[in-house]
Chemist: 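What follows is a structure written as structure tokens; I'll ask about it next.
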There are 2 protein chains.
Amino acid sequence: MIGNTKIDKTDRKILKILQANGKITNAKLSEEIGLSPAPTLERVKKLENSGIIKSYHAELDSAMLGLGVNTFVQVSLKGHNKPNIETFLSRISDIEEIIECHHITGSGDFILRIVAKDIASYQQLMLEKVSDIDIVDSLQSMVILSTFKNSKEVPVPADN
Amino acid sequence: MIGNTKIDKTDRKILKILQANGKITNAKLSEEIGLSPAPTLERVKKLENSGIIKSYHAELDSAMLGLGVNTFVQVSLKGHNKPNIETFLSRISDIEEIIECHHITGSGDFILRIVAKDIASYQQLMLEKVSDIDIVDSLQSMVILSTFKNSKEVPVPADN
DNA sequence: AGCATTTGCAAAATATTCTTCGGTTCAAAA
DNA sequence: TTTTGAACCGAAGAATATTTTGCAAATGCT
């Protein structure tokens, strides 16, 4: 067996807190869940080793970094076969402005999440690096005007 | 003046590293950027106080939590006026399964990111809590089949 | 039930890390 | 040249993380 994964109420509390604040000290975390530091740390380590906690990240303010354009793009490929898909993925995997790529059901084949400095550099990126891929059939951009919710916290359901 | 914000090459290194690993110790971070711990911490604090670093989060494995369904939903409202938009936002703001909501250009008015345990609970959520909002005109769900890229790291451009 | 085993926890000791405080260098401006 | 300020370093003290030990309750087995 690789890893046992029983999540109890205390673990769920921990997960909720660490999603909201990944940099909380173990001491404060233990206070909030009503345990002493030692077993608290033990639980966190177990959650990390089991893979339930995948990683920790700093979230930046993209506007302050000069990344003013934020979009979703629906991509359709000319053929939906495996080699085409793999070609597409390998072409976009190195483009750091493309921060998400999901294979989806529905009208398009993929949906991308892209950030860019401005419309000009966004256009350049799309023309030179995405439209350029010859198996790309159609692109539909959705520019984000404003974001009302952007939670880094996923609900943690009771597993029953 | 609120906060001065000059980002140099070292700051960009720090931002890149903290995006990838929000829990790195200040000691290791200082090693990686070639500085001693003291000025490293000073820079991190400055980036936090300026708002460039907004927060830190643990990233969880949603599949391991039993959240097997992951979707994007395009939402069109019946009227695009301000009261309608505000009504819509207030209705969805409390739904924790809706983890993102963006106002967008294009065919729809909003795009949502939703997580659910399974198709049944997803359907229930959509029917009872989203379709139910009477100013919602149309919904188009895109179910994520697989995710090829899900970077928590935004490119940090040189500001020139 | 009775015994052994496991699990979860707390307290204390140790190790690591953070954080602050002078002191130094360096470059730009007066 | 002198001054000023910014950025850095090293060391010391404070806070934190981590390990170890031992206890108690729950669990499993005969």
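So that the names make sense, note that chain A is the first sequence line, chain B the second, and so on, each numbered from 1.
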Chemist: What's B:K28 touching, base or sugar-phosphate or nothing? Going by heavy atoms closer than 4.0 Å.
Modeler: nothing
Chemist: Which one of A:H102, A:H103, A:H80 satisfies the ring pair (Phe, Tyr, Trp, His ring centres under 6.0 Å) criterion with A:F110?
Modeler: A:H103
Chemist: Can you check the A:K23 NZ to C:dT19 C1' distance for me, whole Å?
Modeler: 13 Å
Chemist: Using the side chain to side chain contact (heavy atoms under 4.5 Å, CB included) rule, pick out the option among A:T71, A:V73, A:I111 that qualifies with A:M142.
Modeler: A:I111
Chemist: Could you check how far CG of A:L41 sits from C1' of C:dT16, rounded to whole Å?
Modeler: 13 Å
Chemist: State, to the nearest 10°, the angle formed by the axis through the first five base pairs of the helix from C:dA1-D:dT30 to C:dA30-D:dT1 and the axis through its last five.
Modeler: 30°
Chemist: Donor-acceptor pair, B:S151 side chain versus B:E153 backbone, under 3.5 Å?
Modeler: yes
Chemist: Please report the distance, rounded to the nearest Å, between CG in A:N26 and C1' in C:dA10.
Modeler: 14 Å
Chemist: Would you classify B:A38 as touching base, sugar-phosphate or nothing, given that sugar-phosphate means primed atoms plus P, OP1 and OP2, and contacts are heavy atoms under 4.0 Å?
Modeler: base
Chemist: If Ile, Leu, Val, Met, Phe, Trp and Tyr residues are connected whenever their side-chain heavy atoms lie under 4.5 Å apart, and connections chain through other members, are B:I24 and B:I53 in the same group?
Modeler: yes
Chemist: Do A:K129 side-chain atoms and A:I95 backbone N/O form a donor-acceptor pair below 3.5 Å?
Modeler: no
Chemist: Has the side chain of B:D61 got a donor or acceptor atom that lies under 3.5 Å from a matching backbone atom of A:K54?
Modeler: no
Chemist: Does any donor atom in the side chain of B:D118 or B:S121 lie under 3.5 Å from an acceptor atom in the other side chain?
Modeler: yes
Chemist: Using only atom types and a distance under 3.5 Å, with no angle test, would you say the side chain of B:K117 pairs donor to acceptor with the backbone of A:P157?
Modeler: no
Chemist: On DNA chain D, which is the earliest and which the latest nucleotide, 5' to 3', with an atom closer than 4.0 Å to a heavy atom of chain A?
Modeler: D:dT16 to D:dT19
Chemist: Hey, does the side chain of A:Q19 reach the backbone of A:V154 with a donor-acceptor pair shorter than 3.5 angstrom?
Modeler: yes
Chemist: Which residues in residues 8-22 of chain A have a heavy atom closer than 4.0 Å to any atom of DNA chain C?
Modeler: none
Chemist: Given atom CD of A:E42 and atom C1' of C:dT7, what is their separation to the nearest angstrom?
Modeler: 9 Å
Chemist: Take atom CD1 of A:I33 and atom C1' of C:dA10, then tell me their distance rounded to the nearest Å.
Modeler: 13 Å
Chemist: Could you tell me whether A:D134 and A:R91 make a salt bridge, using a distance below 4.0 angstrom between a side-chain N and a carboxylate O?
Modeler: no
Chemist: Reckon A:S36 touches a base, only the sugar-phosphate, or nothing at all at heavy-atom distances under 4.0 Å?
Modeler: base
Chemist: Between the side chains of A:E100 and B:R113, is the shortest nitrogen-to-carboxylate-oxygen separation below 4.0 Å, so that they form an ion pair?
Modeler: yes
